[in-house]
Amino acid sequence: MTLKLGHREFPDDTALMMAIVNRTPDSFYDRGATWAEDKAFDRVAEVVDQGAEIVDIGGIKAAPGVEVDASEERRRVVDFVARVRSAYPDLVISVDTWRAEVGRAVCAEGADVLNDAWGGADPALVDVAAEHDAAIICTHTGGVTPRTRPFRIEYADVVASAIADTTAYAERAVVAGVDRRSVVIDPAHDFGKNTFHSLEVTRRLGEMTATGWPVLVSLSNKDFVGETLDLPVGERLTGTLAATAVCALAGARIYRVHEVVETRQVVDMVWSIAGRRPPRRAVRGLA
Amino acid sequence: MTIEHVVVVPSALVLLPEYAGLEDPIPELRRAVGQAVSWLVERHPDEVAVLSVGVRADNVARGVTEPVGARIGRDLLSENGFRGRLVENAAGVLVVANGTACRGEKAPGHLDERSFGYDDEIEDALRSGSPKVLRDLDTALGEELWAHDVPALRALGELVSGSVSSELDYAADPHGVKYWVARWTCAS
C-alpha cells in the first residue's frame, strides 16, 4: 500500500529511514548532544545528507526522568519544527509525542507525522492527525503509562497483543478521519516489554507485516540489544543491525534510527536478498 | 534465402532485463544495440532469423536448455518493436556473438595476450564487411580465449556472399569482454 506521510507519498516497495533528532538534555543514546537548538539543526542537516527521508523530533526522553509538562515540550519542539520545515520543504517531519495539544501545535507548523510512542495514551491525538491530514504511528505498549519502565509484565502472547492493540488503534485512527494510507503500526521494542518479548516480536515480525498495515520498527541501540549481547549503550550497533536485518526480511517499512548510513546499507542488502530491490550495479558473471 | 541485412550484437547476459540493476553498467552498448536492432526490425518486420551458438556444455550440465543467444535475440527484437516471426532462414539476420573474454586482469577469463590479435581480426572483418575472414576463424583458439560464440560468426561468414556495405557502431571491452555492434547491408 502507498504510504502517505503528510505531504509526501512513497510507493509500497520502498523502505524509509526515520532519523532520531532529540531536543532533550537526557536521552539515553546521545545524552544531550543535540539539546541546543543549533546542534539539533545540525543533526537534521547531517541525516538529510545521509539520505534519511524522515526526521523524528522528540522533546521528552522515553525513560523516567525530570517531569516535562506540555508547555515545556512545546517550547522544545514547536519552533524547531517550523525552522526545519522552512529549511527542508521536502523532508518528512515526524514528532515523537503522545500529547494532542503538542501534536496540534507541531502540525500547525508543518509536521507530517505524529509518532505516538506511548500507544494512544491521549485518545485525542488521532483527532489532531485527522484535522491536519497527518500520519500517525500506532505503537504497542501493553497499556503502560508513558515514561514508565516495564516491571514483571507478562503476555499470553506478546505478538498477538501487539497485533490486536496496534491494529485496533489503527482502525480507531481511520474512523477518526485519518487517511488509511497514513496509518503505521509499531510493535515498540522495549516499551512495555522485557528483552524476551522484544526478541519474540522481532522473530515473529512477519505476523505484523501480514496484517497489511505498514510496520515501523524502532530498534536502535535499545536495551533488548544491550541485554542480549551484554553490551552498554555505545556498543550496540552490530546487534541493532542484526535485528534490523531480521525486521527488513519480514518487510518492515520504516526504520527509526540513530545510524542512518549503516541501517540503510543493511536494509538495502536485505531488500535485495528478498527480491524487492535490484542490486545497484551488477556485472559479475554477466559481461 | 538471400541475406539482405545483418546485425551483430554481443551475447552478454547483462543485456537481459532479469539481470538489470538500478544502474546500467553498459549504457553505451545498450544504446547502440537498441539502435541497430531497431534498424533491422524496420527493414524486416515480418521475419528475422537469430543466429547464435547452442547452450554451452557446462550450462547444459546445470540444466539449462535454451541458448543464451536465442534468449537475448528474442528479447532484443521484442523490446525494439518486432512483432513478426522468428524463423530458421530469413533475409534479416540477428547474430548474437562477441569476442574474447580474456582482455585484462579482471576479465572473466583473466588476461591472455592472444585475445587482442584474435579480436582485432574479427573487428576488421566486421568493419570491412569480410565474410571470408569470419568463415576461417580459428574456433579452437576462440574457445581457449573464452570466445564461445565464434561458431556463430563462422556461420555468418558462410551465409553471406558478395559485397557487403558495413557499419561498425560500437567496439569496446568495458568489462574485459570484447563487444561489437555491427550492421551489414548485403548486395542481393
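In what follows, chains are A, B, ... by sequence order, proteins preceding strands, each numbered from 1.
In terms of heavy atoms, V14(B) sits closest to A282(A) at CG2-O, 3.7 Å. Shown here for A287(A) and V177(B), the closest heavy-atom pair between the two residues is CB-CG2, 3.9 Å.
Residue E28(B) qualifies as open at atom CD: its count of foreign heavy atoms under 6.0 Å is 12 or below. E88(B) CD: 12 or fewer foreign heavy atoms inside a 6.0 Å radius.
Annotation: the span from L13(B) atom CG to R284(A) atom CZ amounts to 14.0 Å, rounded to 0.5 Å.
Proximity to chain B is limited to the side chain of R277(A), based on heavy atoms less than 4.5 angstrom apart.
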